[in-house]
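Read the structure below first, then the notes.
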Number of protein chains: 2
Amino acid sequence: MARLPLYYRALLETAEHDVDTVSSEHLARLAGVNAAQVRKDLSHLGSYGTRGVGYEVGPLLREIAGELGLTHEWPVVIVGIGNLGRALAHYRGFEARGFQVVALVNNDPTKLGGLVDDLVIEGVDELPRLARERSIAIGIIATPPHVAQGVADALVAAGIASILNFAPTVVSVPTSVSMRKVDLAIELQILSFYQHHRDDPALPPLGAR
Amino acid sequence: MARLPLYYRALLETAEHDVDTVSSEHLARLAGVNAAQVRKDLSHLGSYGTRGVGYEVGPLLREIAGELGLTHEWPVVIVGIGNLGRALAHYRGFEARGFQVVALVNNDPTKLGGLVDDLVIEGVDELPRLARERSIAIGIIATPPHVAQGVADALVAAGIASILNFAPTVVSVPTSVSMRKVDLAIELQILSFYQHHRDDPALPPLGAR
DNA sequence: CGGTGTGAAGCCTTTCACAGCA
DNA sequence: TGCTGTGAAAGGCTTCACACCG
């Protein structure tokens with residue numbers, strides 16, 4: 001159900017335009033997917049559509065928010081306060097979507113105790129306490145690759161079971177933990193691959209990618 | 001072939017350890033995928049393995065680098081110099097992988113002409129000239145969502161056919177252009193979804209995700 | 001033997017097509 | 001009539017299993 005957030009965003013936009021009903025086709029265009037897929041996805045949530053009319057924006061928004069667990073704030077810790085970590089700490093898009101950065105962790109002694117906005121940078125060994133005191137459920141790894149596995153282990157040991165990993169390395173976690181990866185260099189390499197194979201007849205047309 | 005960069009990174013690591021032969025199983029562990037998959041993927045590049053022995057690290061590395069188009073530097077332009085854009089401009093992981101940020105673009109008049117490292121921030125209308133003079137093939141969009149579509153159009157008009165989009169909105173480009181998306185809020189929402197449905201028996205076990 | 005290369009099976013996701021309801 | 005909800009078909013990707021080779 002990785003598409004629910006897309007529908008959610010699309011519905012928020014339509015709600016802003018004071019539209020209170022959308023067809024699967026309209027929603028599909030906004031989310032950039034197929035209309036049949038929208039209907040199938042939404043049917044899994046129960047019947048929120050009216051045949052011949054479409055879906056009611058308000059109720060559907062509430063249903064999806066509930067499904068995604070967006071009815072309350074999620075406290076987040078960022079580990080690794082380099083360029084990327086600092087940028088993520090400042091990123092407005094998180095709070096707008098219900099995620100609040102409540103702790104910063106970095107083991108570099110020169111940064112320890114420093115401030116980013118109102119947050120003190122703390123050591124990795126403070127993770128268990130921070131996680132407990134601030135009810136942290138999500139950790140973001142923005143460290144160099146060679147310490148990422150250790151950080152992941154520390155997050156797991158602190159009871160944080162959802163991890164977003166920006167470090168360009170393979171990190172393994174217990175199956176009870178969910179982890180998502182964002183690897184910027186790999187994204188560029190994939191672009192480079194297609195750029196390099198432009199006009200390669202053996203490749204599927206670009207529209208299909 | 002979105003896994004080639006993973007193999008590439010894994011092979012670089014083994015090369016550092018002065019190992020010159022790897023089995024598909026070893027490579028699979030390093031890349032975090034299935035061994036059969038490694039063999040199938042690599043067989044598409046031709047036969048670089050020796051039965052009973054494994055794959056020769058050096059030749060395989062060169063072959064993959066060639067396939068990914070990593071034999072030369074790729075000049076990159078970053079559009080949108082907010083927190084994220086600035087962090088990306090500083091990000092070391094790009095240059096280490098053959099991508100060089102050669103231009104910064106931002107339309108905010110208060111930032112125009114400013115410097116980030118040695119690069120001058122230029123206006124969007126300079127894109128065609130920059131793309132031509134600096135042979136830019138890849139553009140990164142790190143703007144707020146409401147201007148992302150316009151920026152994408154400008155990139156395409158400037159002849160840039162590979163785009164990495166960080167703006168949290170759906171952007172459409174001609175089928176001749178390849179675009180990849182990284183949406184940080186959506187990644188967190190997906191984590192939130194699984195966190196919210198933890199212990200939900202209707203869901204597949206976490207290991208399968 | 002050990003490990004690659006690969007047909008075939010299995011699985012999961014997407015798309016089609018249309019019945020059925022407002 | 002218009003659009004949802006959904007079985008069935010199609011397609012793509014992953015995994016298995018094993019023949020074959022060094």
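Please read all numbers here as calculations on a predicted model, not as lab measurements. Reminder, nothing fancy here: chain letters follow the sequence lines and each chain counts from 1.
The two atoms that bring A/S192 and B/G69 nearest to each other are OG-O, 3.7 Å, heavy atoms only. Counting all heavy atoms, side chain and backbone alike, A/I121 lies closest to A/V105 at CG2-C, 4.4 Å.
The shortest distance between side-chain heavy atoms of B/V170 and A/L30 does not fall below 4.5 Å. Within the 4.5 Å cutoff, side-chain heavy atoms of A/E187 are placed close to those of B/V182. Contact annotation: the side chain of A/F166 approaches that of B/L184 to within less than 4.5 Å [non-hydrogen atoms, C-beta and beyond]. For the pair B/V76 and B/I136, the minimum side-chain heavy-atom distance is 4.5 Å or more.
Enclosure of atom CZ in B/R134 by more than 12 non-hydrogen atoms of other residues, nucleotides or ligands within 6.0 angstrom is indicated. Within a 6.0 Å sphere centred on NE2 of A/H72, other residues, nucleotides and ligands contribute more than 12 heavy atoms. For CZ of A/R129, the number of neighbouring non-hydrogen atoms (other residues, nucleotides, ligands) closer than 6.0 Å is greater than 12.
The CE-P distance, from A/M1 to C/dC12, rounds to 14 Å in whole Å. In this structure, B/H26 atom NE2 and C/dT4 atom C1' are separated by 17 Å, rounded to whole Å.
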Quick test: give all pairs of protein nitrogen or oxygen and nucleotides 19-22 of chain C nitrogen or oxygen below 3.5 Å, distance rounded to 0.1 Å.
| unit_1 | atom_1 | unit_2 | atom_2 | d |
| --- | --- | --- | --- | --- |
| C/dG20 | N3 | A/R51 | NH1 | 3.3 |

Got a list of side-chain donor-acceptor pairs under 3.5 Å for residues 54-67 of chain B, not counting sequence neighbours?
| unit_1 | atom_1 | unit_2 | atom_2 | d |
| --- | --- | --- | --- | --- |
| B/E63 | OE1 | B/Y48 | OH | 2.8 |
| B/E67 | OE2 | A/H197 | NE2 | 3.2 |

Less than 3.5 Å apart, which donor and acceptor atoms pair up between the side chains of residues 2-16 of chain A and the rest of the protein, not counting sequence neighbours?
| unit_1 | atom_1 | unit_2 | atom_2 | d |
| --- | --- | --- | --- | --- |
| A/R3 | NE | A/D41 | OD2 | 2.8 |
| A/R3 | NH2 | A/D41 | OD1 | 3.1 |
| A/R3 | NH2 | A/D41 | OD2 | 3.1 |
| A/Y7 | OH | A/D41 | OD2 | 2.7 |
| A/R9 | NE | B/P168 | O | 3.4 |
| A/R9 | NH1 | B/P168 | O | 3.3 |
| A/R9 | NH1 | B/D183 | OD2 | 2.4 |
| A/T14 | OG1 | A/L11 | O | 2.8 |

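Side chains of A/S178 and B/R198: a donor on one and an acceptor on the other come within 3.5 Å.
Bracketed by its first and final contacts, the part of DNA chain D lying under 4.0 Å from non-hydrogen atoms of chain A reaches from D/dG2 to D/dA8 in 5' to 3' order.
For DNA chain D, the neighbouring residues in residues 31-47 of chain A, judged by any heavy atom under 4.0 Å, are A/R39, A/K40, A/S43, A/S47. For the segment residues 55-66 of chain A, the set of residues with a heavy atom within less than 4.0 Å of an atom of DNA chain C is empty.
Not a single donor-acceptor pair under 3.5 Å links the side chain of B/D117 to the backbone N or O of B/L119.
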